[in-house]
Amino acid sequence: QVQLVESGGGLVQAGGSLRLSCAASGRTFSTYAMGWFRQAPGKEREFVAGISRSGGSTSYADSVKGRFTISRDNAKNTVYLQMNSLKPEDTAAYYCAADYAYWAGTSHTSYDYWGLGTQVTVSS
């Protein structure tokens, strides 16, 4: 089992940047594929970015491609989401997720463990 705690959310103006972090504890972090999802009020949870257990493979939603970067540091048991050129439509609660697999994909149903989320608000 793994426990996940997100941090780094906040209020930022459009065009600004934030870096989210997700600290993992419990079972060996490097055995988990990781993902970031987000959920805005009244909307379904959506995939943002994913990374394989080694960090060698990544995937992004089309809406964030070229603006967001997912990375991981297995020595620090942490996965990051660097968010640049933020837009008001990026406003949401952002969740970190883990799956005991090499690669978990883009569906939230593939992930077994979730953090409690961190709020990102982008003002226009």
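For the single chain, residues carry numbers from 1 onward in sequence order.
- Here the side chain of Thr58 pairs no donor or acceptor atom with the backbone of Ile51 at under 3.5 angstrom.
- Among all heavy-atom pairs drawn from Val48 and Leu81, the shortest one is CG1-CD2, 4.1 Å.
- Listed by first and then second residue, the salt bridge (Lys or Arg N to Asp or Glu O under 4.0 Å) pairs that reach into residues 70-87 come to none, sequence neighbours excluded.
- Contacts of Ser71 classified as side chain to side chain contact (heavy atoms under 4.5 Å, CB included), with partners at least two apart in sequence or in another chain: Tyr80.
- In this view, Gln1 and Gln3, Tyr113 satisfy the side chain to side chain contact (heavy atoms under 4.5 Å, CB included) rule, not counting sequence neighbours.
- Distance check, rounded to the nearest 0.5 Å: OG1 of Thr69 to CE of Met83 gives 11.0 Å.
- Closest approach of Ser52 and Gly56 over heavy atoms only: OG-N, 3.3 Å.
- Contacts classified as salt bridge (Lys or Arg N to Asp or Glu O under 4.0 Å) and involving residues 54-63 (residues at least two apart or in different chains) are given here: Asp62-Lys65.
- Scanning for side chain to side chain contact (heavy atoms under 4.5 Å, CB included) contacts around Ala40 gives Lys43, Ala92, with sequence neighbours left out.
- When all heavy atoms of Tyr94 and Leu20 are compared, the closest pair comes out as CB-CD1, 3.6 Å.
- In terms of the salt bridge (charged side-chain N to carboxylate O under 4.0 Å, His left out) criterion, residue partners of Arg38 (sequence neighbours excluded) are, by chain and number, Glu46, Asp90.
- Not counting sequence neighbours, Tyr102 has no partner by the side chain to side chain donor-acceptor pair (under 3.5 Å) test.
- Following chains of ILVMFWY side-chain contacts shorter than 4.5 Å, one can reach Val64 starting from Val122, so the two form part of one hydrophobic cluster.
- In this structure, the separation between CG on Asn74 and OG1 on Thr31 is 9.0 Å, given to the nearest 0.5 Å.
- For the pair Tyr100 and Arg53, the tightest heavy-atom approach, listed with the atom from each and the gap, is C-NH2, 4.2 Å.
- Not less than 6.0 angstrom separates the ring centroid of Trp36 from the ring centroid of Phe68.
- No chain of hydrophobic side-chain contacts below 4.5 Å, direct or via other Ile, Leu, Val, Met, Phe, Trp or Tyr residues, connects Phe37 to Leu86.
- Closest of all the heavy-atom pairs between Trp103 and Ser57 is CZ3-O, 3.6 Å.
- Between atom CD of residue Gln82 and atom CZ of residue Arg67 there is a gap of 12.0 Å, rounded to the nearest 0.5 Å.
- Residues satisfying the side chain to side chain donor-acceptor pair (under 3.5 Å) criterion with Arg19, sequence neighbours excluded, are absent altogether.
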Donor-acceptor list for residues 4-18 side chains, cut-off 3.5 Å, not counting sequence neighbours:
residue, atom, partner, partner atom, Å
Glu6, OE1, Leu116, N, 3.1
Glu6, OE1, Gly117, N, 2.9
Glu6, OE2, Cys96, N, 2.8
Glu6, OE2, Gly117, N, 3.2
Ser17, OG, Asn84, OD1, 2.9

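- Distance check, rounded to the nearest 0.5 Å: OH of Tyr111 to CE of Met34 gives 8.5 Å.
- Residues satisfying the ring pair (Phe, Tyr, Trp, His ring centres under 6.0 Å) criterion with Tyr60, sequence neighbours excluded, are absent altogether.
- Every side chain to side chain donor-acceptor pair (under 3.5 Å) that Ser107 has, sequence neighbours left out, goes to Thr109.
- For the side chain to side chain contact (heavy atoms under 4.5 Å, CB included) test, residues two or more places apart in sequence or in another chain that qualify with Asn77 are Phe29.
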